2 protein chains.
Amino acid sequence: MTVAAPATMRSTEPRTPYPVAARELLRDTLLDAAGAELYERRWSDITMADIARSAGVSRQTLYNEFGSREEFAQVLVMRESDRFLDAVEHAVRAHLNEPAEALAAAFGIFLTAAAENPLVRTIVGGDGAEQLLALFTTQGKPLVDRATERVTDVLLSGWPLVARQDAELLSECLVRLAISYAALPQGPASMTASSLARLLGPYIERVVKESSA
Amino acid sequence: MTVAAPATMRSTEPRTPYPVAARELLRDTLLDAAGAELYERRWSDITMADIARSAGVSRQTLYNEFGSREEFAQVLVMRESDRFLDAVEHAVRAHLNEPAEALAAAFGIFLTAAAENPLVRTIVGGDGAEQLLALFTTQGKPLVDRATERVTDVLLSGWPLVARQDAELLSECLVRLAISYAALPQGPASMTASSLARLLGPYIERVVKESSA
DNA sequence: CACGACGTGTCAAGCAAGACGACAGAATGG
DNA sequence: CCATTCTGTCGTCTTGCTTGACACGTCGTG
């Protein structure tokens, strides 16, 4: 029962000053508003005015904060992908001893989550989300780069002896495969996950083994 | 694994508009700042300027938001007590079938949490917190009233047939006893809790029985 | 006792962020 | 082809936070 000393009261941790927190809150509120709208309408039917109103803010502030509809969508997608990466990271850390298992678990988690995620569903499933879809594919460089970087970091922190180049190659391919299967699923998530584990298992075993030799 | 659909994305729930959330955030940040300061210094050594600075805000906004040092302290204490009441509420709901047990559990939780809570510790333990102490006792009407009301609500929602008057009497006495034992502990928390359960058990059994008759 | 130092509470002026209204340009649909 | 609607931008107005100043009361010190 830790109600007695809430996290906000630990003196050692650096509490975020209000101005910073307020800005963060503003951006989050706007992104959340968009997310909520996406639950009901498709992206092409949601106007900037809708998002601003839904966040309780003027359209101008939305533009001040994000520049344009494009950029806003970019950030929205980015934030969502970060959440996926959190889950993936967690899954990998739970299987540090069996690399292939880690891969299967991470992919399983990812694909399951993706299948349920409303943002992903609206993109994959329906019309009117072409703009968003592009952010994962043709315009997806920022996303792929960032995701690759994060996955690389996870790999290197979990298996420090693996060569960075190997980790980067693996990460990028994983990210691309993840996006591909999220966009166009093939059979159940666990099946896909284990298939990929079989496919990439040998490579993983190899680089891990080499590193520990 | 619910990472896929974060709570902030449920369309049905009423998302809080930014202006409201920002205000809330401002107040919380200030209160948290005070809490953090209380970890290190005593209340009488903490200036309004300290709190404002620690929250990353000007002294004036602190005054705009809370009026005076007194009022600020009042709110601070109030918020903390609300957290305790959350814990108590939770404990009670876990023992809806055995009223006396519920009482013992709630008191046990409460006293244990109070003993560990930094705010309470600074008030009970040391000098320089007389102003805060007063808010629990001589100036404690708002706190006692509010706490009594909340406890009454919990009781009535758990045992709907109990007469409101009985619940109110019991609640007020419980609140007052809780404050008293928090301010001046007597032996271990569990001991005190069971003693009180023995003391008030008969009354509780009585009103519950009467109500179900 | 008088004095300076310090904290509270208040005020006015300055400034930055958001709200509001309006507009050009592009896309959409009747 | 015209009307509508949305995007993106601009200028003005309002609001809220900041800054600096000051009166007042309290405390510790010479």
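Note that this is a predicted model, so its numbers are computed, not measured.
Every residue two or more places apart in sequence or in another chain that forms a side-chain hydrogen bond (donor to acceptor under 3.5 Å, both in side chains) with T61(B) is listed here: S58(B). Legend: residues meeting salt bridge (Lys or Arg N to Asp or Glu O under 4.0 Å) with D50(A), ordered by chain and number and at least two apart, are R41(A), R53(A). Here Q186(B) pairs with nothing under the side-chain hydrogen bond (donor to acceptor under 3.5 Å, both in side chains) rule; sequence neighbours left out. Every residue two or more places apart in sequence or in another chain was checked for a side-chain hydrogen bond (donor to acceptor under 3.5 Å, both in side chains) with E24(B), and none qualifies. Scored by the salt bridge (Lys or Arg N to Asp or Glu O under 4.0 Å) test, E89(B) finds R93(B), R150(B) as partners (sequence neighbours excluded). By the side chain to side chain contact (heavy atoms under 4.5 Å, CB included) test, A178(A) pairs with F107(A), F110(A), sequence neighbours left out.
Contact of the L200(B) side chain with the L177(B) side chain is registered, since non-hydrogen atoms from C-beta on lie closer than 4.5 Å.
The CG atom of L25(A) sits 16 Å away from the P atom of dA17(C) (whole-angstrom rounding). The interatomic distance linking Y18(B) (OH) with dT15(D) (P) rounds to 17 Å, in whole Å. The CZ atom of F66(A) sits 16 Å away from the P atom of dT9(D) (whole-angstrom rounding). To the nearest angstrom, P of dA17(C) lies 9 Å from CZ of R23(A). The interatomic distance linking R42(A) (CZ) with dC6(D) (P) rounds to 14 Å, in whole Å. Across the protein-nucleic acid pair, R69(B) atom CZ and dC6(C) atom C1' stand 13 Å apart, rounded to whole Å. For the pair R41(B) CZ and dG7(C) C1', the interatomic distance rounds to 13 Å; values are reported in whole Å. One can place CG of N64(B) at 14 Å from P of dT15(D), the figure rounded to the nearest angstrom.
Residue-to-nucleotide proximity on DNA chain D shows that, of G67(A) and E65(B), the 5′-proximal contact is made by G67(A). The residue among V57(B) and I46(A) whose nearest nucleotide of DNA chain D is located toward the 5' end is I46(A).
Legend: side-chain hydrogen bond (donor to acceptor under 3.5 Å, both in side chains) pairs involving residues 162-172 of chain B, not counting sequence neighbours, sorted by first then second residue: T152(B)-S171(B), R164(B)-E168(B), E172(B)-R176(B). The salt bridge (Lys or Arg N to Asp or Glu O under 4.0 Å) pairs that include a residue from residues 66-78 of chain B number zero, where partners must be two or more places apart or lie in different chains. Counting only residues at least two apart or in different chains, salt bridge (Lys or Arg N to Asp or Glu O under 4.0 Å) contacts with residues 131-146 of chain B comprise D82(B)-R146(B), K141(B)-D145(B).
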All N/O contacts under 3.5 Å from nucleotides 19-29 of chain D to the protein, with atom names and distances to one decimal?
from: dA21(D); atom 1: N6; to: R59(B); atom 2: NH2; distance (Å): 3.4

Q: Could you run through nucleotides 25-30 of chain C and give me one letter per nucleotide, 5' to 3': B if any protein heavy atom sits under 4.0 Å from the base, S if only the sugar-phosphate is that close, - if neither?
A: ------
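Contacts of L62(A) with the nucleic acid, taken as non-hydrogen atoms under 4.0 Å apart, are absent.
Across residues 47-54 of chain A, T47(A), M48(A) each have a non-hydrogen atom less than 4.0 Å from an atom of DNA chain D (numbered order).
In summary, D32(A) and R27(A) do not engage in a salt bridge, as defined by a charged side-chain N under 4.0 Å from a carboxylate O. One finds a salt bridge joining E65(A) and R23(A) here, because a Lys/Arg side-chain nitrogen approaches an Asp/Glu carboxylate oxygen to under 4.0 Å.
Counting only heavy atoms from C-beta on, Y63(B) has its side chain closest to dT10(C) among dG18(C), dT10(C), dT7(D).
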